[in-house]
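The next block holds one structure in the form of structure tokens; read it before the comments.
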Amino acid sequence: MRVLFAASEAYPLIKTGGLGDVIHGLPMALNNKGVDVRLVLPAYRSLMNKIESLQIIGRFEVAGANRTHMVQVIESRFNGTGIPLLLIDVPELFDRDGGPYLHLDGHDWPDNAERFSVFSRAVAELSMDVINSGWSADIVHCHDWQTGLVPAFLQNIPSAPKSIFTIHNLAYAGLFNYESFASLGFPPEWWSPELIEFYDSMSMLKAGILFADEVTTVSPRYAYEITTPEFGHGMDGVLRSVEHKLVGILNGIDHDTWDPQSDVTLAQNYSINSDYVAGKRANKKALFAELGLSTDKTSLEKPLLGFVGRLVEQKGIDLILELIPQLMRRHDLNIVILGSGHEHYEIELTEMMGHYPENLSVEIGYSERRAHLIEAAADLFLMPSRFEPCGLNQLYSLCYGTLPIVHYAGGLADSVVDATVENIDTRQATGFHFYTPDVDAFYGAVERALKMFQDKRLWNQLIETAMAQDFSWEHSSEDYISLYNSLDISTDAN
Ligand code: ADP
Ligand code: GLC
């Protein structure tokens, strides 16, 4: 089975969040199971700087915004694996400083509609082997709005591959105005509420949802939630209309990158079978030393609450900001925060650190290494997300013996088992839930956790149950393979 993976991020080449992690772990797991998978990404400047050996394997023209682009296809290997990596090289769209979606000043690139429309057209062409390489796809697996147009470009072409569209986050709908739509040369009839028009904009996400043969999202609960007005971001009606082809598959962990036993970024490795208490303590000490927090015995014995993530409304940062003063007033603990995102959160968190310099560390920025160290060092991990399609940090936390405190939503609800009396008795509890995204409920869950932290025997039981969970891609990739197998693939495509 030949599967072309199309996405806008893939760790370790380019990553802004969990999408990058998934477009690393999942293709690798599929490749290990014998799927003939290839990965296609835009040839961003920062990514090209990381690629060592490459070869130009084809050129073709693609329509852009009132102009035509020459696309060069570059081939390399993904992350030292056998997986072919194809790069869509259009220098006027991707060879620039800045992020994949944002200018260095933090604003969206003004030509994002053209950038990802051209990328999607190129992917569609490539999937049908426009460059005569001898490889065409049976299935194109597209991810998020940046690739939403691929299924639209493939519709009604008899020899086209099947398409799967995975929603990683419904909050990002890939919206652009009518002027952009008109400039990109789409069939005029696409501008209709039945097709890709969405409240007076075009939505590339909606294109993916409507035109793909199958739609998946990254947890079973989120698959249900997005069909409701509360979590549907206005798209719930559209999603209800495609319920027959909508399925939720929980993301996995890539244990090559995230495993406390072998993680090279840690001060000390540990596992469920070795002394994880001492291992976590050594990492806490190393983290505190780096952050300038006290490393004396009493400081290290206090509970440490960690947060790593994008500083956006989704993640409930406002709840964390409200929680901190209450916690600091009533408890003796430390909190470590790493993140970047909306400026007002960055400023408020930094100011908050000024009030509690001994017990609160806030680092504004992006650091893979520090994220790993926080996962290993913390006792509790905060994820008060208002909504969370899957969430990877709670999975990493479980694996690192760091108990997550989560708002009961999406993948957080699907992966963390609340420490109720019954779940503790049956040795299933792995973390703490709260059910309404407000500070009182959040505070209640944290208090519950802090109380249990005092009971070392119980705490170790919770850690061991958490660390014994298996959220590897091994299982989730099987679900994708079953889905691929369920598609009616014509065998004479190649
Ligand atoms: P989302 O994709 O919504 O951002 P996930 O929990 O699925 O949330 O994945 C977030 C990923 O991005 C994790 O690998 C997390 O460690 C990483 N991450 C987010 N912010 C930072 C940061 N400031 N520094 C390092 N890693 C980060
Ligand atoms: C999105 C979601 C996150 C998910 C990630 C990978 O960014 O916000 O919940 O884990 O994609 O699927």
Side-chain angles (χ1 to χ4, degrees), residues 5 7-12 14-27 99-101 141-146 165-173 205 216-223 225-226 231 233 248-258 263 265 306-317 336-342 345-346 349 361-376 378 381-400 402 404 406-407 409-416 471 473 476 480:
F5 252 65
S8 57
E9 309 187 8
Y11 175 83
I14 178 95
K15 166 176 165 183
T16 69
L19 174 65
D21 288 356
V22 173
I23 311 300
H24 171 87
L26 179 54
Y101 323 119
H141 191 160
C142 308
H143 299 266
D144 269 354
W145 69 264
Q146 295 85 351
F165 182 65
T166 297
I167 303 168
H168 293 263
N169 196 335
L170 194 69
Y172 300 92
L205 185 90
T216 76
T217 187
V218 288
S219 69
R221 186 167 176 88
Y222 193 62
E225 285 174 345
I226 56 180
F231 291 97
H233 295 273
I249 300 175
L250 197 73
N251 284 335
I253 301 181
D254 170 24
H255 286 300
D256 288 345
T257 318
W258 292 95
D263 189 330
T265 62
F307 172 87
V308 178
R310 295 181 295 118
L311 302 179
V312 296
E313 209 206 338
Q314 172 191 348
K315 303 291 175 185
I317 310 302
V336 170
I337 292 175
L338 166 65
S340 62
H342 288 173
Y345 288 135
E346 296 184 349
L349 284 168
S361 160
V362 172
E363 186 182 355
I364 302 301
Y366 191 95
S367 162
E368 285 285 336
R369 195 187 73 82
R370 189 56 64 68
H372 284 240
L373 194 54
I374 293 174
E375 286 288 7
F381 199 89
L382 305 176
M383 286 190 86
S385 309
R386 293 205 148 66
F387 64 93
E388 196 61 79
C390 177
L392 293 171
N393 277 317
Q394 85 281 10
L395 302 183
Y396 303 149
S397 297
L398 293 170
C399 173
Y400 281 61
T402 304
V406 303
H407 173 223
L412 300 175
D414 283 343
S415 57
V416 177
F471 287 109
W473 276 113
S476 301
Y480 281 104

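Ligands are counted one by one from 1 in listed order, and the atoms in each one are counted from 1 as well. Every heavy atom of this structure was used, including side-chain atoms; hydrogens, water molecules and symmetry mates were not.
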Subject >> Short N or O distance, R310 and ligand 1, threshold 3.5 Å exclusive >> reply: yes
**OP:** Measure the distances from the heavy atoms of Q394 to every atom of ligand 1 and state whether one is below 4.0 angstrom.
**Re:** no
Original post:
Would a 4.5 Å heavy-atom cut-off, applied to side chains only, mark W473 and Y480 as touching?
Top reply: yes
Original post:
Do H407 and F387 make the cut of ring centroids closer than 6.0 angstrom?
Top reply: no
Original post:
If we only count heavy atoms from C-beta on, is the Y11 to T257 side-chain gap below 4.5 Å?
Top reply: yes
Subject >> Any P389 heavy atom less than 4.0 Å from ligand 1 >> reply: no
**OP:** With a 4.0 angstrom cut-off on heavy atoms, strictly below it, pick out the residues next to ligand 2 and order them by chain and number.
**Re:** G18, L19, V22, H168, N169, V218, N251, R310, Q314, E388, P389, C390, G391, L392
**OP:** Verify the ring-centre separation between W258 and H372: is it less than 6.0 angstrom?
**Re:** yes
Original post:
Would a 4.5 Å heavy-atom cut-off, applied to side chains only, mark S340 and E346 as touching?
Top reply: yes
Original post:
Taking the six-membered ring for Trp, are the ring centroids of H141 and F165 within less than 6.0 Å of each other?
Top reply: no
Original post:
Going by the atom numbers of ligand 1, which of them fall below 4.0 Å from some non-hydrogen atom of A371?
Top reply: 25 (C), 26 (N)
Original post:
Where the closest heavy atom to atom 7 (O) of ligand 1 is concerned, which of L19, L392, L412, L395 has it?
Top reply: L392
Subject >> Qualifying residues under side-chain hydrogen bond (donor to acceptor under 3.5 Å, both in side chains), relative to S367, sequence neighbours excluded >> reply: none
Original post:
Would you say F471 and S415 make side-chain contact, with heavy atoms under 4.5 Å?
Top reply: yes
**OP:** Say whether E368, considering both its backbone and side-chain N or O atoms, lies within less than 3.5 Å of an N or O atom on ligand 1.
**Re:** no
